[in-house]
Amino acid sequence: MSKDSKKRSISRRDFVRQGATAGLSGAAVVGLAARETDEGGSQEQWDLTADVVIAGAGTSGLSAAIEAGDLGASVIIVEANYDCGGHGIVSGGRVNLGGGTSRQRRQGVEDSADAVFEYWTRPNNLQSRYTDRDLTRVYADLSAETFEWMVENGVEFLDEAIGPDRRNGRTVQWPVYEELITSYPTRLGSGLVRALEKSARAKGTEILLLHRMTDLVQEADSKRVIGLVTDNEGRMVRIRANKGVILATGGHTSNVAFRRMFDPRLTEEYQTAGEPYSEQTADGEVAAMKLGAALWGTASQTMEAGNWISKTAHIGCQWGYSSLWWQPDSPIFDKARASGLSNVDWQNVILVKQTGRRFHDETDAGHDFFAACLSYSGDPIKKNGGGPIWAIFDADAVRRQEWDPTPPNVDPAGYFFGADTLTELAGRIYNPNQTQRMQGGVLEQTLARYNTFVDQGVDADFGKPSPRYKIQTPPFYAAWSTPILHDSLCGLRVDTRCRVIDLEEEVIEGLYCVGEAMGGFPQHGLGRCALFGRVGGGYAARSA
Amino acid sequence: MDGPRPHRPTIELLESFPTEAQVGTTIDFTVRVSCHEGCDLGGGVLEVVDADGTVQTSQLSRADVEEGVVADLSVKAPPRTGAAKWAIGFPEQEIGGCVHEEGSLAFTCEVLPHTTSMAIWGVPTPMKGSRFTVNVGIKCSALCPLGGQLVEIWDGEGVKLGEGRLGDEPRPDTVGLYEGEVTLTAPDRTGVFSASVGFSPDELDLPHVDTAGDFTFRCVELPEHTVTVRVVHEEIDAPLGDIEVRLGPYQAMTDSEGVAGVAVAKGTYELSLWRIDIEPVSMRVKVTGDTEIDVAAAPRRIVDEDEERMWM
């Protein structure tokens with residue numbers, strides 16, 4: 001590959017503005033075309049070859065690349081997006097690693113690998129009940145070491161040991177403004193991802209952007225995975241892996257068909273944290289399952305605990321995950337389109353389904369709330385999924401909340417509406433996921449009843465504690481408030497070396513999986529991604 | 001001896017004509033006229049005839065379709081409800097040296113009255129037996145001026161409680177919502193009461209559908225005492241203004257000194273404070289006479305869901 005392909009002749013922001021055909025990808029394609037090889041001696045025609053080929057340049061893929069590179073392997077990462085980072089770069093940068101880290105010691109926290117193992121295998125806690133004990137042991141044993149490894153690779157942490165287990169802490173936001181995806185100071189994960197990217201590149205990793213993995217390649221006789229195929233803006237690129245292919249593609253929450261295997265309710269209307277920057281498309285899981293790979297730890301995906309779904313924090317925009325607050329200075333704000341109305345006091349609004357009817361206590365944010373959101377919407381055609389959820393409020397609420405309900409705070413293209421009467425408001429609501437028109441009479445009845453509850457001081461329908469404000473003063477508003485899907489809590493079955501296991505419980509030689517695409521250790525945050533990335537990268541580099 | 005046979009034109013709508021429209025509204029549509037012999041009919045004349053026989057003439061001008069020429073037309077729905085009919089006529093005319101026969105196309109539409117919708121706001125928590133006002137806003141679907149129109153309020157048994165007229169100008173920050181005030185007398189007892197607002201437009205140029213709405217209000221005891229609440233910032237002991245102070249159904253706002261005087265009846269209440277940037281405060285208070293209460297309010301903690309769930 002041409003060395004020029006690594007040079008950044010334009011900034012990332014310029015890249016976004018100029019489109020995908022300019023800049024980095026163009027240079028990378030030229031480099032690939034100039035160097036077709038078949039060093040493995042097979043009949044396959046390979047465009048590129050490396051010892052370890054990794055699909056995905058997020059936290060786990062970059063960690064795998066650094067570990068493999070440190071062991072002397074040549075590494076290529078293919079990344080579907082126009083830039084590195086995956087969910088990690090738009091995350092809060094929370095890294096759960098303990099067992100006696102230097103961070104913990106500075107904070108006076110005593111910890112051990114055994115304590116970590118015990119914590120993550122507690123049967124009386126839903127999130128630890130279903131973990132794979134073998135993988136948990138790996139996590140426990142390498143937890144402290146991985147923290148120090150991240151520091152050695154340039155990741156800076158805030159000096160804290162937080163959370164009930166005091167194993168958590170946040171990274172320091174990346175200081176180069178042009179290399180941020182989200183606005184200062186909303187996402188600290190940039191500090192983790194950019195540091196790992198810098199380290200990986202310095203150690204020789206080639207990162208091919210806009211290369212989406214479409215298939216794995218198996219050797220005909222041995223069935224060993226020997227490479228992968230990518231789609232580079234319509235051009236097929238085949239990359240040979242001498243030692244192993246690592247799937248670090250980042251989970252499945254954006255793949256509606258895949259996520260519905262675990263929960264039929266999760267139809268297309270639910271937004272996904274990380275989008276519109278990073279999609280979790282299940283590419284890794286799907287490619288491996290074509291080769292017979294097994295899924296693992298699926299109970300974790302449906303246990304109704306943890307961060308697999310959350311309430312919208314920024315309403316009136318399509319993407320409203322709490323700590324991922326899109327601002328106009330983001331290089332992808334043209335995709336996000338609006339920031340949303342934030343800091344919602346749920347006493348100021350009611351939530352209705354697409355029919356215009358309330359369905360639950362708006363102040364609740366637990367799994368009973370989500371079950372109500374996802375309950376049957378009354379649509380006789382689309383019976384699964386709960387349909388859109390709209391926050392309805394009035395001019396008084398806007399004043400109390402100190403909101404400015406105009407773009408770019410709100411997205412009038414299907415996610416925010418205003419009108420002078422409730423009937424008019426109901427008639428204006430449209431959205432690709434709104435399968436039936438909201439009837440003005442129904443919405444009027446809903447509000448009249450709710451306002452009576454305010455007079456009475458008691459919500460006789462859903463028990464909202466002391467409903468405080470009538471919703472009555474024009475103009476009226478409807479803001480998109482449909483729940484958000486976040487963590488992938490199950491994925492491919494792997495052994496303690498992160499080798500993918502098939503349905504016969506046999507290793508698929510040459511194939512590894514790390515990060516959110518792997519099952520068995522359903523932790524929220526970035527600790528597991530970095531740790532198992534190291535494990536997969538290390539074993540792949542050491543394999544024959 | 002017979003001359004050349006006239007050409008026969010075909011007239012068709014390029015998109016479906018609406019089956020329903022409100023009185024007086026303009027309906028835009030496009031027709032295409034083509035000649036079977038392939039003549040360019042550009043410059044030809046079309047006539048649109050409404051139910052009253054009024055003729056509107058248009059010229060075929062846009063030859064940007066593969067077959068025939070098109071004309072962008074509009075008709076106005078009549079000011080009365082019911083079925084309306086229009087006809088498009090292509091009078092016999094010579095175009096490009098050829099005579100083209102006359103042709104026509106008829107289409108109908110059900111004409112409906114304008115709809116109206118209502119908002120009711122400013123409903124207070126009145127003391128029993130007191131006079132109070134309610135704001136009523138009415139909007140026409142076609143933004144007709146509704147100034148001077150009557151709105152009436154009745155109780156659940158059909159007794160008229162009050163009436164008012166809509167103002168001449170739409171309410172600020174709205175598009176065509178006409179606002180009026182209605183003054184009512186609260187019942188001489190406490191409780192939650194319901195009422196209905198009716199709007200039957202009268203003497204408007206075009207027919208409109210009536211509309212109605214319901215609201216409730218809570219009627220409370222006459223206040224006997226004043227509870228003076230002083231709110232300060234928990235950390236810096238500074239007074240906090242614009243705090244909403246509630247004692248059950250009674251409420252007041254703190255002034256710049258952080259003080260609110262809430263007039264209440266004897267009783268035990270939930271005292272609650274609210275402003276968007278403070279943590280909600282709530283406590284039980286028994287009022288037997290004039291009372292002063294000092295409250296320290298903390299800045300609101302912005303909860304990051306990651307923070308709450310970070311450990312797993």
Side-chain angles (χ1 to χ4, degrees), chain A residues 91-94 96 120 125 127-128 162-170 305-307 310-311 313 321-323 342-343 345 347-348 365 394-396 400-402 419-424 427 440 444-445 448 451-452 454-457 466 468 470 472-476 486-487 522-525, chain B residues 115-125 134-135 137-141 143 170-179 191-194 196 211-220 242 244 246 248-249 251 270 272 274-277 280 282 300 302-312:
Chain A
S91 76
R94 299 181 184 281
N96 189 309
W120 281 97
N125 180 281
Q127 289 172 285
S128 51
I162 53 180
D165 60 355
R166 304 205 69 190
R167 297 186 180 108
N168 223 312
R170 294 163 294 178
N307 203 18
S310 65
K311 200 169 180 177
Y321 183 65
S322 58
S323 53
S342 303
N343 202 16
D345 184 318
Q347 285 285 2
N348 278 321
D394 66 355
D396 291 338
R400 287 190 298 267
Q401 291 272 174
E402 300 175 359
D420 295 337
T421 66
L422 292 167
T423 297
E424 187 180 45
E444 279 188 340
Q445 286 172 10
N451 289 343
T452 300
V454 175
D455 279 326
Q456 294 168 335
S466 303
R468 191 173 179 92
K470 289 186 176 182
Q472 57 177 354
T473 305
F476 300 95
H486 194 327
D487 288 340
Q523 183 188 66
H524 174 65
Chain B
T115 59
T116 54
S117 57
M118 176 184 291
I120 308 160
W121 72 97
V123 182
T125 302
V134 171
N135 297 80
I138 307 290
K139 184 170 185 175
C140 165
S141 55
L143 303 181
R171 175 179 164 83
D173 298 327
T174 70
V175 182
L177 183 74
Y178 287 82
E179 176 185 5
V192 175
F193 300 91
S194 61
S196 299
T211 190
D214 300 323
F215 68 97
T216 57
F217 59 94
R218 180 172 182 177
C219 206
V220 298
D242 293 326
E244 183 187 278
R246 287 195 183 195
Q251 59 179 296
E270 194 76 26
S272 64
W274 191 92
R275 199 174 74 179
I276 190 63
D277 56 350
S282 184
R300 188 175 183 191
I302 305 300
V303 177
D304 177 344
E305 286 189 24
D306 274 350
E307 194 171 330
E308 293 202 320
R309 296 167 175 168
M310 62 197 164
W311 59 286
M312 274 193 173

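So you know, we letter chains A, B, ... as the sequences are listed, proteins then strands, and number each from 1.
When each of A:D345, A:D455, A:T473 is scored by its heavy-atom pairs under 4.5 Å with chain B, the top score falls to A:D455. The most heavy-atom pairs under 4.5 Å with chain A, out of B:I276, B:N135, B:D277, B:I138, come from B:I276. Chain A forms more heavy-atom pairs under 4.5 Å with one residue of B:E270, B:E179, B:R246 than with any other, namely B:R246. For the options A:R167, A:E444, A:K470, heavy-atom pairs under 4.5 Å to chain B are most numerous at A:K470.
B:R218 has its side chain out of reach of A:V454: every pair of non-hydrogen atoms, C-beta onward, lies at least 4.5 Å apart. Residues B:R171 and A:P474 meet the side-chain proximity criterion, which asks for heavy atoms closer than 4.5 Å. For the pair B:W274 and A:N348, the minimum side-chain heavy-atom distance is below 4.5 Å. Residues B:M118 and A:T421 are not in side-chain contact: their nearest non-hydrogen atoms beyond the backbone lie 4.5 Å or more apart.
Looking at B:L177, both its backbone and its side chain come within 4.5 Å of chain A, counting heavy atoms on both sides. A:R400 touches chain B through backbone and side chain together, each having a heavy atom under 4.5 Å away. For chain B, the nearby part of A:E402 is the side chain; its heavy atoms alone come within less than 4.5 Å. Contacts of A:Q401 with chain B are made by both backbone and side-chain atoms, with heavy-atom separations under 4.5 Å. Residue B:R275: no heavy atom, backbone or side chain, is found under 4.5 Å from chain A. For B:V192, the part lying near chain A is the side chain, with the backbone staying farther off; criterion is any non-hydrogen pair under 4.5 Å. Neither the backbone nor the side chain of A:D396 comes within contact range of chain B; no heavy atoms are under 4.5 Å apart. Only the backbone of A:N451 has a heavy atom closer than 4.5 Å to any heavy atom of chain B.
Between the side chains of A:D394 and B:W121, not a single donor N or O lies within less than 3.5 Å of an accepting N or O.
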Trace of the side chain to side chain contact (heavy atoms under 4.5 Å, CB included) decision for A:Q472 with B:I120: CA-CA 6 Å; A:Q472 57 177 354; B:I120 308 160; over 6 Å; no

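Rounding to the nearest 0.5 angstrom, the gap separating the OG1 atom in B:T115 from the CD atom in A:E424 is 9.0 Å. Considering OG1 of A:T452 and CG of B:D214, their distance stands at 8.5 Å, rounded to 0.5 Å.
Taking a cutoff of 4.0 Å between a charged side-chain nitrogen and a carboxylate oxygen, B:E244 and A:R468 qualify as a salt bridge.
A side chain to side chain contact (heavy atoms under 4.5 Å, CB included) with B:S117 holds for exactly one of A:D420, A:L422, A:T423; it is A:T423.
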